[in-house]
S.K.: 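Here's a structure for you.
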Amino acid sequence: MTQQPRTWHANEAELRALADGVAGPALGASVESHLMRCGACRARMNDLVDGVLLDSVWSAIRETVEAPRPSVFERLLRKFGVSAESGRLLVAVPAMRGAWLIGATAALLFAGGAALFASGFGLALFLLVAPLVPVMGVAAAYGGDADPSHELVVTTPYSAGRLLLLRTAAVLATSLPVAALVGLALPGPAWLAVAWLIPGLAFVSLSLAAAPFVGATVSSGAVAATWSAIAIAVSKIGDPMDLAGPAVQVGSLVLCAAAVTTILTHFRLFDLPRGQT
Amino acid sequence: MADCDSTDADLINAMSEHDEAALRLLYGRHAAWVSARLRRRCADTDVVADVLQDTFVAAWNGAGKFRGDGDVAAWLWGIAIRRLISRLRQASGRAAKAPTWKLYDAVDVSAEETALLTVEYSDLGTALARLSPELRVVLQATVLDGLTTREAARALNIPQGTVKTRLVRARTRLREELA
Ligand SMILES: [Zn+2]
């Protein structure tokens with residue numbers, strides 16, 4: 001503990017004078033300089049200093065160090081004028097954390113790869129999977145269990161609706177470019193790369209519109225199941241290209257408009273917990 | 001894992017790997033004396049609490065930058081005293097133009113205090129007691145608190161050149177006293 005052999009330590013009265021703030025400049029300087037060299041006397045200070053103050057400062061420290069440090073991306077968002085709170089919620093979206101994005105990319109690459117080797121079935125698979133990527137992203141972004149920021153969401157004075165829209169924007173921003181890139185790599189007409197875009201947006205708005213009533217996980221699951229059933233049926237009995245055909249595009253546009261209207265008229269529903277609406 | 005047998009340097013090392021238990025242990029060992037030293041320099045308990053918090057949060061965030069061969073107590077105090085100075089400067093900047101804070105009291109050493117000094121303290125304290133207040137505060141800022149002459153000048157609100165000349169005079173006096 002000490003740098004040089006010492007036979008003495010500060011005595012009780014001296015330490016107490018320092019702890020109580022009544023040590024004058026010379027005594028204070030002596031005891032302080034001894035404390036800097038002597039761990040034993042530093043430890044003896046623990047019983048002499050106001051424990052209540054130390055405890056309250058410790059809880060403040062713990063709160064500070066437990067709060068996640070802003071990531072590079074979060075700091076970037078802040079530079080662009082996104083509030084610290086919005087930034088933290090955006091970054092907490094699983095899509096932003098990469099895991100979801102990797103999963104979505106893998107699914108699309110799988111579907112795209114299948115399309116390259118077996119055009120009929122593979123194309124159908126791509127056209128089935130691609131529009132669902134944004135919906136699954138929304139479900140993942142809004143699902144509670146796997147989300148460490150869930151507590152943050154619950155305690156934040158943020159309306160659930162605004163949060164959902166914020167996260168949806170984040171999911172779309174990350175998933176659309178990936179899906180478009182995979183689509184471009186596919187053989188066939190270039191418009192295929194964006195053919196799933198309108199259905200994709202329709203599915204997102206549909207699940208958002210239904211989310212206040214049944215929850216985001218159920219609504220996006222139902223949308224995904226319905227679309228999969230339709231897609232499988234269509235590609236079995238007809239041409240997989242029909243999945244990107246005019247009927248689907250127009251139908252999607254109509255659904256999308258209806259869903260957006262529902263969201264806008266019932267937006268206040270989002271602020272209420274499910275069951276009280 | 002950090003435990004009671006870990007050295008301070010081990011704790012800092014564990015803190016740099018986000019081990020919160022290590023921070024708790026470090027706080028348990030050092031918060032009391034740091035708060036007592038802060039309290040001697042600032043009577044406002046709220047400020048002391050804020051600075052104490054800032055110090056350990058800074059130690060947590062800066063644990064990776066700690067040199068393994070350095071002394072942890074001196075490192076912590078270096079953070080604490082600088083936080084206190086900037087905190088007091090901010091407060092006085094808001095309140096008035098003239099400095100409203102006094103980190104180092106240039107008062108005479110009382111006879112009672114001199115009597116309290118144990119004979120064994122044949123070092124800094126006894127020598128300080130024989131110095132004039134102006135010389136003593138300069139030594140307190142530089143030797144005791146480890147500030148640079150530039151930082152001491154800011155803390156004492158005197159020109160840096162004055163700090164240097166007083167430091168030379170104080171050292172000469174001390175050499176005479178301790179000889
Ligand atoms: Zn000691």
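Reckoned from all heavy atoms, side chains included, excluding hydrogens, waters and symmetry mates. Numbers restart at 1 for each chain; the letters A, B, ... are given by sequence-line order, proteins then strands.
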S.K.: Answer yes or no: is there a donor N or O on one side and an acceptor on the other, between the side chain of B:R40 and the main chain of A:G24, under 3.5 Å?
M.R.: yes
S.K.: Of the non-hydrogen atoms in B:A32 and A:V49, which two are nearest, and what is the gap between them?
M.R.: O-CG2, 3.5 Å
S.K.: Are any non-hydrogen side-chain atoms of A:W58 and B:R24 less than 4.5 angstrom apart?
M.R.: yes
S.K.: Looking at A:L54, is its backbone amide N or carbonyl O close enough to the side chain of B:Y27 to form a donor-acceptor pair, meaning the two atoms are under 3.5 Å apart?
M.R.: yes
S.K.: What's the spacing between A:R42 CZ and B:D8 CG if we round to 0.5 Å?
M.R.: 6.5 Å
S.K.: Quick one: of A:N46, A:L48, A:L53, who has the most non-hydrogen atom pairs under 4.5 Å with chain B?
M.R.: A:N46
S.K.: Please round to the nearest 0.5 Å and tell me the distance separating atom CZ of A:R62 and atom CG of B:L23.
M.R.: 10.5 Å
S.K.: Please report the interatomic distance CD(B:E20) to CD1(A:I61), rounded to the nearest 0.5 Å.
M.R.: 11.0 Å
S.K.: Roughly how far, to the nearest 0.5 Å, is the CG atom of A:L18 from the CZ atom of B:R39?
M.R.: 11.5 Å
S.K.: Please state whether the side chain, the backbone, both or neither of B:L76 comes within less than 4.5 Å of a heavy atom of chain A.
M.R.: neither
S.K.: What part of B:T45 lies closer than 4.5 angstrom to a heavy atom of chain A: side chain, backbone, both or neither?
M.R.: both
S.K.: Indicate the atoms forming the closest heavy-atom contact of B:A36 with A:A19, along with that distance.
M.R.: CB-CA, 4.1 Å
S.K.: Does a side-chain heavy-atom distance below 4.5 Å link A:M36 with B:W33?
M.R.: yes
S.K.: Rounded at 0.5 Å granularity, tell me how far CG in B:L144 sits from OG in A:S30.
M.R.: 9.0 Å
S.K.: Which bit of A:A43 comes within less than 4.5 Å of chain B, counting heavy atoms only: side chain, backbone, both or neither?
M.R.: neither
